[in-house]
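Notes follow once the structure below has been shown.
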Amino acid sequence: MNRDTLQLLRDPATHTPLALTYLEDGTECLADETSGALYPVRNGVPCFLDSESVAGSNRKYRRMYNLLSPFYDFVTRTAIVLMGASEEDVRHEFLSELEIKPGDRVLEVSVGTGSNLRYLPRSARYYGLDISEGQLKQCRKTLKQIGLQADLFLGTAEKLPFEDNSFDVVFHMGGINFFSNPAAAVCEMYRVAKPGTKMIIVDETDRFTKKLAKIPIVRAFFKSDDQVTVPDIYVPEDARDTETKELFNGRLWYLGFRKAPARVQPAAVPTDLLQ
């Protein structure tokens with residue numbers, strides 16, 4: 001793990017800085033030296049999951065994604081083709097809203113198999129977090145295939161393991177409709193973004209999830225009786241430029257907002273001018 005990445009990491013429970021350490025058996029871990037908490041690093045991926053963070057809906061969908069991960073990209077692409085669209089067009093419709101500049105730190109929350117990373121500029125530094133080990137395994141394959149470097153993390157959107165004000169771009173596509181705590185996820189994405197950062201969150205609309213719930217292979221994984229709504233009520237009050245709209249012929253909802261700029265402290269007045 002490189003030094004820059006380590007400096008970004010925080011204990012998701014306490015936000016305390018973490019130190020790289022090794023157990024007696026050689027296992028690489030990240031340690032919260034204040035609380036004594038240890039987070040193992042497996043195949044280069046720090047693991048920040050615990051029993052609390054994978055309860056409720058998160059547990060159900062983590063299990064689903066682990067099961068479907070080897071076939072997830074195929075199923076997604078097939079579904080898009082059956083809708084009469086191209087994957088590139090669908091993803092470009094929301095990825096084009098991102099304000100990625102050369103050298104930026106870009107965080108994708110729920111990175112999945114890394115499909116969105118295929119369509120982003122190579123001049124930035126990428127970080128991806130997901131709740132599913134299976135999805136991250138496929139994401140590593142995607143990164144190797146497209147020749148892109150990215151730091152990956154196993155964890156939940158509700159408890160991001162990063163320092164405040166760390167990322168120039170933060171986005172999420174797909175999943176928040178059925179998070180255990182979408183309000184916490186929105187607040188966490190806001191917390192780790194730098195002041196002035198534009199964030200986007202995208203997921204399926206309610207009427208589209210109802211259609212998906214009629215398909216036998218996915219019926220068990222959709223709460224077809226629940227109303228899916230845009231989580232704009234969870235956007236912090238000081239956010240700027242909040243916008244909601246529908247994309248892809250009403251199949252996706254879009255929520256965009258900008259973190260409030262940093263407050264400029266007034267310059268100190270020289271004491272001799274006050275006399």
Side-chain angles (χ1 to χ4, degrees), residues 9-13 18 27 29-30 37-77 79 107-117 126-143 150-162 170-189 191-192 201-204 208-209 212-213 215-226 228-229 231 234 252:
L9 294 179
R10 295 292 183 270
D11 186 316
L18 298 170
T27 301
C29 290
L30 294 166
L38 291 173
Y39 301 97
V41 180
R42 302 184 180 119
N43 298 316
V45 177
C47 174
F48 294 102
L49 291 182
D50 55 42
S51 57
E52 179 183 350
S53 63
V54 292
S57 294
N58 284 349
R59 177 180 299 174
K60 174 181 178 179
Y61 285 93
R62 180 190 181 206
R63 185 165 55 244
M64 180 194 78
Y65 287 122
N66 280 337
L67 178 65
L68 295 180
S69 59
F71 322 104
Y72 188 81
D73 283 346
F74 173 78
V75 171
T76 301
R77 290 167 185 163
L107 171 65
E108 181 174 7
V109 177
S110 300
V111 67
T113 63
S115 295
N116 290 320
L117 301 179
Y126 292 98
Y127 303 79
L129 177 138
D130 204 273
I131 198 172
S132 163
E133 299 95 328
Q135 294 288 78
L136 291 179
K137 181 179 179 180
Q138 298 303 316
C139 187
R140 290 198 298 271
K141 293 180 180 179
T142 298
L143 292 171
D151 292 300
L152 302 179
F153 309 90
L154 184 67
T156 66
E158 293 94 335
K159 291 184 177 181
L160 295 177
F162 306 114
V170 179
F171 73 102
H172 164 84
M173 191 279 159
I176 195 170
N177 278 341
F178 304 126
F179 279 2
S180 292
N181 191 339
V186 173
C187 289
E188 278 290 272
M189 285 185 257
R191 177 183 67 80
V192 303
I201 301 174
V202 178
D203 210 341
E204 290 92 356
F208 190 48
T209 59
L212 292 174
I215 302 173
I217 194 172
V218 297
R219 181 180 299 149
F221 303 114
F222 281 91
K223 304 175 182 178
S224 58
D225 295 331
D226 289 357
V228 169
T229 58
Y234 304 132
L252 302 175

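Every value quoted in this text rests on a predicted model; they were computed, and no experiment measured them.
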Evaluate the side-chain proximity of Ile131 to Asn58: yes if any heavy-atom separation is below 4.5 Å, no if none is. yes

I want to check something: taking the side chain as every heavy atom from C-beta on, are Val109 and Ile176 in contact at a cut-off of under 4.5 Å?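 Sidechains of Ile176 and Val109: no contact.
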
Stepwise, does the side-chain contact (heavy atoms from CB on, under 4.5 Å) test hold for Leu107 with Val192? CA-CA 9 Å; Leu107 171 65; Val192 303; 3.9 Å; yes

Could you tell me if Thr113 and Asp73 have a donor-acceptor pair between their side chains, going purely by distance under 3.5 Å? yes

Atom of [X], atom of [Y] and distance for their closest heavy-atom approach:
X: Pro70; Y: Gln138; value: CA-NE2, 4.0 Å
X: Ala157; Y: Leu129; value: N-CD2, 4.1 Å
X: Pro46; Y: Gly44; value: CD-O, 3.6 Å
X: Tyr234; Y: Cys187; value: O-SG, 4.2 Å

Tell me if a side-chain donor or acceptor on [X] pairs with a main-chain N or O of [Y] at a distance below 3.5 Å.
X: Ser180; Y: Ser57; value: yes
X: Asn181; Y: Glu158; value: no
X: Asn177; Y: Val228; value: no
X: Asp203; Y: Gly175; value: yes
X: Asp130; Y: Leu136; value: no

Quick one: pull up [atom1] in [X] and [atom2] in [Y] and give me the separation to the nearest 0.5 Å.
X: Phe74; Y: Leu68; atom1: CZ; atom2: CG; answer: 13.0 Å
X: Gln135; Y: Arg62; atom1: CD; atom2: CZ; answer: 12.0 Å
X: Leu252; Y: Met173; atom1: CG; atom2: CE; answer: 5.0 Å
X: Leu152; Y: Arg140; atom1: CG; atom2: CZ; answer: 7.0 Å
X: Arg59; Y: Leu49; atom1: CZ; atom2: CG; answer: 11.5 Å
X: Asn116; Y: His172; atom1: CG; atom2: NE2; answer: 10.5 Å

Plane angle bin for Phe48 and Tyr39 - parallel if under 30°, tilted between 30 and 60°, otherwise perpendicular: tilted

Verify ring-ring contact (aromatic ring centres under 6.0 Å, His included) between Phe162 and Phe153, making sure each step is shown before the conclusion. CA-CA 10 Å; Phe162 306 114; Phe153 309 90; 5.1 Å; yes

